[in-house]
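Order of appearance sets the numbers: ligands from 1, and atoms from 1 within every ligand.
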Amino acid sequence: MANPAQIRRHHHITLCSGGAQEDYDFHTKVLSLKSVKKTALYDGVVPIYHFYYGNDLGEESTLVTTFPMRQSGRKGRKGTGQIRRLSLSVPQSALGFWAKRLAGHGFEVREASRFGERALQFQHPCGLDYELVGIADDNRKPYSNGEVPSELAIRGTHAIVVSVREHETSNEFMTQGWSARRTLEDGRFVRYVLGDGASGQIVDFMLEPELPQATWTFGEGIVHHCAFQVDDLTAQDQVKFNLEALGFTDTSERKDRGYFDSIYVRTPAGAMFEATVSKPAGMTVDERADQLGTKFQVPPVFAHRTEEIMAFLEPLRY
Ligand SMILES: [Fe+2]
């Protein structure tokens with residue numbers, strides 16, 4: 001029987017970064033993404049910033065979100081069993097521009113290629129691994145008012161790279177649980193795609209059996225999870241039901257994240273994936289479209305502690 005619960009594409013990727021200002025400047029100034037939302041992590045009792053970066057409206061698959069962890073003092077350890085690299089799409093013709101721009105900002109840039117796609121690899125100031133991949137035909141709308149002209153700007157996510165000790169344990173999860181197709185192999189890489197496999201619909205697995213297990217907690221310097229878009233709550237229920245029927249019972253209940261509803265699953269690769277349904281108003285639930293990201297939005301769970309929270313969080317200049 002066909003599985004009607006289709007995973008469509010990336011929704012957002014969430015990273016544990018370092019200092020709040022460092023993270024904000026890196027994404028909004030160097031990468032020229034829009035600050036779509038400034039809020040805090042909805043879980044826990046000690047507040048941690050949650051920043052969303054993306055295009056003008058913070059549309060699905062343009063979103064990179066971060067928890068700047070330095071204030072907490074908690075550090076992560078990179079390794080296998082975790083998402084290792086975030087891959088963002090830029091126009092193919094813009095790779096030269098970006099190489100110069102990143103070098104001009106003091107970043108060490110390395111040219112790489114995977115599955116015939118050219119990439120510029122570099123690190124977030126806190127050590128997270130990024131790359132910009134040159135894509136000729138990505139029609140997603142970039143941020144229209146950044147430091148980088150929109151014709152050269154980042155279009156959104158391209159792929160995630162998951163570090164694994166072996167490939168085969170992920171195959172059943174990806175093909176039967178996550179509606180993906182295994183399409184390509186290249187040395188230690190295996191590619192899975194969703195839908196037509198365009199940018200924002202790609203999961204690459206990278207074999208790194210020599211590495212220790214990465215940490216899974218919130219800690220500076222690691223990717224925390226990748227969220228994927230599903231159509232509606234019915235489809236989300238079916239994703240969860242189907243995963244549990246396959247035996248992947250480490251699947252969370254539905255969580256209200258303010259701008260979307262989420263379920264989380266610890267994949268056999270070790271990385272955490274999320275199946276997400278955007279709320280109808282999306283990022284405009286609490287701010288008008290032309291004011292996105294202009295004011296700190298106190299999460300509902302902290303609403304009764306607003307003053308305390310604002311005094312506690314690191315000051316941020318923007
Ligand atoms: Fe998420």
Given E131 and R114, is the salt bridge (charged side-chain N to carboxylate O under 4.0 Å, His left out) satisfied, shown in steps? CA-CA 11 Å; E131 69 186 2; R114 191 168 68 252; 2.7 Å; yes
Name the one of K78, R188, R85, R165 that satisfies salt bridge (charged side-chain N to carboxylate O under 4.0 Å, His left out) with E208?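 Only one of K78, R188, R85, R165 forms a salt bridge (charged side-chain N to carboxylate O under 4.0 Å, His left out) with E208, namely R188.
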Give the atom name of whichever N/O/S atom in E274 sits closest to the Fe ion (ligand 1).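 It is OE1, the N, O or S atom of E274 closest to the Fe ion (ligand 1).
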Compute whether any side-chain donor of one residue and acceptor of the other, for T65 and H50, lie under 3.5 angstrom apart.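 H50 and T65 do have a side-chain donor-acceptor pair below 3.5 Å.
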Taking 2.8 Å as the cut-off, does H11 contribute an N, O or S atom near the Fe ion (ligand 1), distance below it?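 Checking H11: none of its N, O or S atoms is under 2.8 Å.
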Is any N, O or S atom of H225 under 2.8 Å away from the Fe ion (ligand 1)?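 A backbone or side-chain N, O or S atom of H225 is under 2.8 Å from the Fe ion (ligand 1).
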Under the 3.5 angstrom rule, does the side chain of H10 hit a backbone N or O of H12 as a donor-acceptor pair?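 Checked: no pair found.
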